[in-house]
Amino acid sequence: MKVKHLVLTVAAMVVLVFLLSVVVLPQIELYVAEKKLANGEAEGKAQLMEAIDSTILPSQRWEKIQEYMIDGDITNRFDLYVGPSMWHGGTRVEGTRFTWKEKLPYLQDYVENGPINGYLATVAQEIASYYLRENNPEKAEEVLLNTADRFAPSQHLGFWNELMIKRIKLAMSYSDFDKAKEYIEEMNNSTTSDDYYVRAEVTTLKAEIIVREGRLEEGYEELMDAMEEYESHWAQEREEWAEEDIDLPINDKIENTIVYEQMESLKRRLERELSNGSQSIVNVSGQVIREDGRPIENAGVFLREENLVNRSIGDDEPYQVLTDENGMFEIEGVVPGSYQVFIGLMFEDIDGYTWPVDRDDWIVIDGSEDIKYSVTLQPLIEIKRPINNQNITDHDVHFAWEEVEGADYYNLNLGLQYESGGGVSVGFKEYISGNETKVPVEEIYNKRVGILMGDEEDYKYAHSVLGFMNPHNQISWSVEAYTKDGKLITRSNGYRLQEKTIGNLPFFNLKGRELTEADQLLLDGKVEQALEMYIEKYEENPDDIHSLQMIPRLIGIKGDGTFDSRQKLALPYTKELAERTGSPDYIYDVADYYYSRNSWDSYNRWYERYMDSVNRPDLSSYNQGNRASALLKQGKVEDSIPLFKEAMKKDNSHRFVGNWLAAELYIGSSFENVLKIAEEYPDRSYIGYREQRTDWVQIISHMEKERQEVPEYQQQLRKVLEMYFQGVDRDIDEWLSSTEEETMKDFVMALKRVDN
């Protein structure tokens with residue numbers, strides 16, 4: 001071999017070694033680390049950090065920081081958001097998420113040296129929030145300003161504005177209103193009228209500060225000026241776009257913009273309070289702790305008004321703070337109104353615990369005094385049997401769980417996990433006096449979890465209709481403990497993430513029956529053939545309870561797709577099931593059929609049977625309101641009023657309050673007294689149950705003004721209320737189309753939504 005060949009060979013080997021060590025091996029290490037993270041292996045974290053720190057390409061470094069430490073991680077500051085009306089949050093495998101201590105050096109490197117893009121602004125804001133949690137506001141502000149310097153305002157004005165607005169919000173979050181107003185003034189001096197969206201954001205924050213300082217009327221005036229300016233610039237911009245033939249974005253409405261929605265929200269709060277002639281604001285404070293007294297540090301606490309509680313929590317929440325090292329928090333400058341508290345937690349905070357908050361847990365602030373409100377996480381109930389996918393072939397299922405101190409009774413819930421994916425949960429037994437109960441399997445089979453209504457699109461869900469009678473479905477269960485007065489103490493279902501908290505798994509399988517030929521047709525999606533076979537088998541053998549159970553679940557496919565037609569078709573079978581099984585569910589279905597048709601003699605008979613069949617010491621809030629409405633519509637107006645009053649005290653959603661107001665107006669109660677009822681029991685019906693909540697206070701107030709201008713107003717109101725009570729829809733519709741009393745019309749239309 002010649003020398004030059006030897007030199008070339010050695011050089012090639014050097015290059016190959018260099019490529020292997022600098023390019024190939026780091027890529028292999030990165031691949032292995034990512035594979036382990038995808039499989040939920042905790043050691044993948046350390047290997048990924050080693051790969052990022054190695055000599056992988058710089059562009060890859062920023063990409064991997066974005067992918068694993070920013071996307072889906074930093075933008076959800078908490079694993080879980082918990083509140084009375086909903087829980088929501090992400091999912092992660094324990095041990096695979098980067099802690100702040102692990103990722104902070106990488107994120108700081110990103111804001112100092114990373115690419116100039118939207119990630120940069122996001123990371124800077126989150127690091128600032130982190131330093132604020134660490135009680136270091138100076139460092140938080142430094143990060144925002146240094147990152148803003150990297151955005152040349154002329155080229156990246158949007159991101160620069162975003163960071164400057166975050167600086168204002170940070171100052172507000174630790175109640176340094178003087179500093180926040182100074183920053184607002186700086187932004188106003190650096191923006192022009194063309195930046196009308198940003199100016200609206202800033203002015204809304206200024207109005208919020210004025211309100212929190214207790215000057216509600218001044219804050220309202222500032223806000224109204226801002227809204228007028230925003231609306232004017234919005235309209236002008238659309239006119240210019242029209243002249244230039246620029247297509248408008250989809251759903252381009254001013255109401256859909258976040259800043260306008262925020263302004264409207266603040267406007268509603270202020271108008272409600274100013275209409276009462278008050279300038280009062282209060283502070284809401286408390287503590288987030290576990291049952292054993294251990295505080296939860298850096299938990300998010302969000303005070304949310306009525307119109308926000310069914311939405312996911314975002315960074316624009318008007319009232320939000322973090323707990324300190326003792327779990328303490330204080331939210332300052334809260335305008336009177338109705339609110340719910342939500343908390344943001346990391347999984348490790350709630351592992352093995354639950355917050356037993358009632359769905360209708362509200363804080364009603366009238367401005368007279370500061371509010372104390374604390375959150376205590378309770379240990380989950382340990383379950384004993386059935387557990388761990390036990391196969392049950394007996395005639396009974398024996399449920400048992402640990403006894404909870406202070407519990408007067410327990411409620412039992414069942415759930416289904418379908419083979420095809422997904423599942424459902426339903427209430428099953430109430431008012432169980434001890435910490436165990438034995439239930440006949442047939443009673444579980446009777447529990448309906450779904451029906452079909454005649455739409456072929458629903459056929460793909462036909463497998464779910466078989467419910468607990470499908471021996472291939474996995475069944476889950478949970479239990480809740482209550483005090484004598486109905487206060488939830490704790491529950492068994494919740495987050496169990498570590499080996500010491502997982503405990504027994506709440507799953508079992510009913511293997512006491514086999515699928516019939518009709519069942520298999522149903523599972524195969526042959527719904528119509530399955531229904532025909534169930535009917536055929538039942539007619540051949542009236543003791544075939546299984547086929548009888550399945551017919552009303554499927555019979556809706558023969559109707560016109562409405563619940564009304566389904567009820568009619570199902571009635572004879574439902575009646576027979578009620579007679580054969582004595583199940584409260586079937587009995588109530590029959591009573592509800594007659595309720596919807598104003599067949600009061602039949603309704604009353606079946607309702608009494610229902611009350612005899614349930615294991616309750618008293619009526620539930622819903623049934624009490626429903627029963628009061630039934631009395632109202634039977635003309636027993638005065639008898640209905642005490643029931644409405646009791647129902648409102650039990651049910652903080654106040655879904656039947658409209659019917660109570662109608663009853664009071666019908667018997668001649670003054671508008672002043674009716675208005676007091678509307679104010680004390682605002683409609684808080686769940687979004688989804690009804691398109692929107694009804695502002696009964698506003699309607700009654702306007703009716704009082706309308707009454708003063710219309711002769712014989714009371715007589716006309718009484719007449720139309722009689723139509724409503726009697727369910728004469730044709731006469732009501734005719735009246736609605738002819739009346740000139742617009743507010744009375746609004747009242748009657750709102751009443752028609754109460755039972756829907």
Residues in side-chain contact (heavy atoms from CB on, under 4.5 Å) contact with [X], at least two apart in sequence or another chain:
X      : answer
Glu532 : Lys558
Asp349 : Arg290, Ile296, Leu345, Met346
Pro572 : none
Val441 : Val397, Tyr445, Leu510

message = Using the salt bridge (Lys or Arg N to Asp or Glu O under 4.0 Å) criterion, which residues pair with Arg304? Sequence neighbours excluded.
response =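 Arg304 satisfies salt bridge (Lys or Arg N to Asp or Glu O under 4.0 Å) with Glu317 once adjacent residues are dropped.
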ask   = Who are the salt bridge (Lys or Arg N to Asp or Glu O under 4.0 Å) partners of Glu402, not counting sequence neighbours?
value = none
Gap between atom [atom2] of [Y] and atom [atom1] of [X] - 0.5 Å precision:
X      : Y      : atom1 : atom2 : value
Asn411 : Ile432 : CG    : CD1   : 7.0 Å
Ile343 : Tyr81  : CD1   : OH    : 12.0 Å
Ile489 : Thr354 : CD1   : OG1   : 13.0 Å
Ser653 : Tyr622 : OG    : OH    : 11.0 Å

If the condition is side chain to side chain donor-acceptor pair (under 3.5 Å), which residues does [X] pass it with, not counting sequence neighbours?
X      : answer
Thr581 : none
Asn504 : none
Tyr573 : none
Ser599 : none

inquiry  = I'd like to know whether Val288 forms a side-chain contact (heavy atoms from CB on, under 4.5 Å) with Trp355, so could you lay out the CA-CA distance, the side-chain angles of the two residues, the decisive distance to 0.1 Å, and finally the verdict.
reply    = CA-CA 10 Å; Val288 181; Trp355 181 23; over 6 Å; no
task = Name all pairs fulfilling the salt bridge (Lys or Arg N to Asp or Glu O under 4.0 Å) condition that reach into residues 506-527, sequence neighbours left out, sorted by first residue then second.
result = Arg513-Asp519
inquiry  = Quick test of your reading: applying salt bridge (Lys or Arg N to Asp or Glu O under 4.0 Å), list the pairs with at least one residue in residues 592-606, sequence neighbours left out, ordered by first then second residue.
reply    = Asp564-Arg597
message = Looking only at the aromatic ring of each residue, does the gap between the centers of Trp600 and Tyr594 stay below 6.0 angstrom?
response = no
ask   = Do Tyr495 and Tyr353 have their ring centres less than 6.0 Å from each other?
value =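 Ring centres of Tyr353 and Tyr495 not closer than 6.0 Å.
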key: Test: Glu576 and Arg580 ion pair at under 4.0 Å   =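 Answer for the salt bridge query: yes.
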key: Lys487 with Asp485: basic N within carboxylate O range, under 4.0 Å   =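 A salt bridge is absent here (no side-chain N lies under 4.0 Å from a carboxylate O).
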task = Could you label the plane-to-plane angle of the Trp477 and Trp401 rings as parallel, tilted or perpendicular, counting under 30° as parallel and over 60° as perpendicular?
result =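 Answer is tilted, since the angle falls between 30° and 60°.
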Answer yes or no: is there a donor N or O on one side and an acceptor on the other, between the side chain of [X] and the main chain of [Y], under 3.5 Å?
X      : Y      : answer
Lys568 : Tyr593 : no
Asp396 : Lys438 : no
Gln634 : Ala630 : yes

message = For Glu540, is the CD atom crowded, meaning more than 12 foreign heavy atoms sit under 6.0 Å from it?
response = yes
Between Ser425 and Asn413, a side-chain donor and acceptor under 3.5 Å = no
Ser583-Asp585 side chain donor-acceptor pair, cut-off 3.5 Å = no
query = Could Arg627 and Tyr607 be counted as a cation-pi pair, given that NZ or CZ must be under 6.0 Å from the ring centre and within 45° of the axis?
reply = yes
query = Could you walk me through whether Asn623 and Tyr610 pass the side-chain contact (heavy atoms from CB on, under 4.5 Å) check?
reply = CA-CA 11 Å; Asn623 283 339; Tyr610 170 73; 3.1 Å; yes
